[in-house]
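Once you've had a glance at the structure underneath, I'll fire off some questions.
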Amino acid sequence: MVSWTSGNKKLVTVTSNGKIKAKNKTGKTTITITLASGLTKTIKVTVQKVTYKTSNKKVATVSSKGKIVAKKKGTATVTIKSGSKSIKVKVTVK
């Protein structure tokens with residue numbers, strides 16, 4: 001048997017299977033894992049906000065959860081940003 005405990009349940013929750021789910025807040029916390037043998041380990045978790053932006057709303061829109069919807073033929077660049085890191089993805093609608 002393994003138990004999982006979040007150090008801040010307002011920031012992240014952990015299922016009995018160990019699946020970590022972030023809430024709508026950002027910050028740092030810990031997850032404590034306890035084995036049946038009594039061995040305990042702690043891991044650090046950082047939750048950052050992820051934002052999505054399209055360069056051309058006439059071609060493709062992107063929701064706050066990252067769902068891209070094609071509007072008409074053309075190309076657009078979707079930028080995904082989390083903290084100081086970002087990535088750009090070219091979207092082509094045919």
Side-chain angles (χ1 to χ4, degrees):
M1 176 82 179
V2 177
S3 70
W4 307 79
T5 307
S6 171
N8 183 346
K9 292 180 182 178
K10 292 181 180 179
L11 189 61
V12 295
T13 57
V14 188
T15 67
S16 59
N17 295 330
K19 182 177 179 181
I20 300 169
K21 182 175 180 182
K23 299 286 187 167
N24 290 330
K25 296 184 178 193
T26 60
K28 295 181 180 184
T29 190
T30 58
I31 303 295
T32 304
I33 306 151
T34 305
L35 301 178
S37 66
L39 179 65
T40 301
K41 293 291 180 181
T42 302
I43 58 171
K44 295 178 184 178
V45 177
T46 301
V47 178
Q48 295 181 330
K49 184 176 180 178
V50 177
T51 58
Y52 305 89
K53 185 177 178 181
T54 181
S55 66
N56 191 341
K57 291 180 182 178
K58 292 180 181 179
V59 173
T61 60
V62 61
S63 73
S64 61
K65 293 189 177 186
K67 181 179 179 183
I68 299 170
V69 177
K71 294 294 185 179
K72 71 174 193 174
K73 290 182 181 181
T75 60
T77 301
V78 174
T79 304
I80 303 111
K81 186 173 182 182
S82 177
S84 63
K85 298 184 181 194
S86 66
I87 186 169
K88 294 184 180 203
V89 178
K90 183 178 178 183
V91 176
T92 302
V93 178
K94 296 181 179 182

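Since this is a predicted model, take the numbers as computed values, not measurements.
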| message | Please evaluate residues V91 and V59 with respect to the criterion side chain to side chain contact (heavy atoms under 4.5 Å, CB included), reporting the C-alpha separation (whole Å), side-chain torsions for both, the decisive distance (0.1 Å), and the verdict. | response | CA-CA 9 Å; V91 176; V59 173; 5.8 Å; no
| request: Could you tell me whether the side chain of T54 and the main chain of A60 form a donor-acceptor pair under 3.5 Å? | output: yes
| said: Rounded to the nearest 0.5 Å, what separates atom NZ in K49 from atom NZ in K25? | reply: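 Here the rounded value is 14.0 Å.
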| task | Measure the OG-OH distance between S64 and Y52 for me, rounded to the nearest 0.5 Å. | result |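 The distance works out to 8.5 Å.
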| query | Is it true that V69 and V93 fall in one hydrophobic cluster, defined by side-chain heavy atoms closer than 4.5 Å? | reply |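 Hydrophobic grouping puts V69 apart from V93.
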| task | Could you tell me whether a side-chain N or O of T77 sits under 3.5 Å from a main-chain N or O of V89, the two making a donor and an acceptor? | result | no
| Residues which pass side chain to side chain donor-acceptor pair (under 3.5 Å) with S82, listed by chain and number, not counting sequence neighbours |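 Here the qualifying residues are Q48.
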| said: Could you check whether any side-chain N or O of N8 sits under 3.5 Å from a backbone N or O of K10, counting only pairs where one atom can act as donor and the other as acceptor? | reply: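 Yes, because the side chain of N8 sits within donor-acceptor range (under 3.5 Å) of the backbone of K10.
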| request: Starting at NZ of K21, measure out to OG of S6 and round the result to the nearest 0.5 Å. | output: 13.5 Å
| field | NZ on K41 to OG1 on T34, rounded to 0.5 Å | value | 11.5 Å
| request: Supply the members, apart from V2, of the Ile/Leu/Val/Met/Phe/Trp/Tyr cluster built from side-chain contacts under 4.5 Å; use none for a lone residue. | output: W4, L11, V12, V14, I20, I31, I33, L35, L39, I43, V45, V47
| message | How close do K71 and K57 get, counting heavy atoms only, and between which atoms? | response | CG-O, 3.8 Å
| said: I need the I80 CD1 to K88 NZ distance, nearest 0.5 Å. | reply: 10.5 Å
| said: My understanding is that only one of I87, I68, N56 makes a side-chain contact (heavy atoms from CB on, under 4.5 Å) with V78; could you say which? | reply: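 The residue from I87, I68, N56 that satisfies side-chain contact (heavy atoms from CB on, under 4.5 Å) with V78 turns out to be I68.
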| request: Mind listing the closest non-hydrogen atom pair of K28 and T46 along with its distance? | output: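 So the two residues come closest at CG-OG1, 3.6 Å.
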| query | Do V50 and K81 come within less than 4.5 Å of each other through their side chains, counting heavy atoms only? | reply |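 Counting from C-beta outward, V50 and K81 never come under 4.5 Å.
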| field | Minimum heavy-atom distance between K73 and K94, given as atom pair plus value | value |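 Reported closest heavy-atom pair: CG-C, 3.6 Å.
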